[in-house]
Amino acid sequence: MDPIMSKRCPPEVREKAVRLALERLDEYGSAYAAARVIGPMVDVHPEALRLWIKKAIEQAPSLTAPASPGLSNAERDELARLRKEVRDGPPIPGSARWR
């Protein structure tokens, strides 16, 4: 019989997996796709990695912002905040969220 393994992942493994995924997020296009590829490489379940990536992005939205010569870091952070505000705002009458 196999011994019961801990469900917790060491913080070092978690940090490494998230860092690898964030570095390649543009390459894969989504957290889901990155987690599906990188998760097995670091022995982490893809869904767990996807949630870690999502949490890291929410905590630091500038991580996924492309380097744009026209916007400063403060402007990028403001843009990310405004986009989140619009996304999480009240539903628009007649839209699918309204029902």
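Computed from a predicted model, the values in this text were never measured in an experiment.
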Considering all heavy atoms, the nearest V42-V13 contact: O-CG1, 4.0 Å

Working for side chain to side chain contact (heavy atoms under 4.5 Å, CB included), residues K84 and R81: CA-CA 5 Å; K84 185 175 192 281; R81 185 188 64 76; 5.8 Å; no

Matching residue for C9 among V44, D43, L49 - test: side chain to side chain contact (heavy atoms under 4.5 Å, CB included): V44

If you measure from [atom1] on [X] to [atom2] on [Y], what distance do you get to the nearest 0.5 Å?
X	Y	atom1	atom2	answer
L51	E47	CG	CD	4.5 Å
I38	R19	CD1	CZ	10.5 Å
L82	D77	CG	CG	11.0 Å

Exercise answer: donor-acceptor pairs, residues 27-36 side-chain atoms, under 3.5 Å, sequence neighbours excluded:
{"residue": "S30", "atom": "OG", "partner": "A33", "partner atom": "N", "Å": "3.1"}

Salt bridge (Lys or Arg N to Asp or Glu O under 4.0 Å) between E12 and K16, intermediate numbers included: CA-CA 6 Å; E12 303 83 34; K16 178 183 177 183; over 6 Å; no

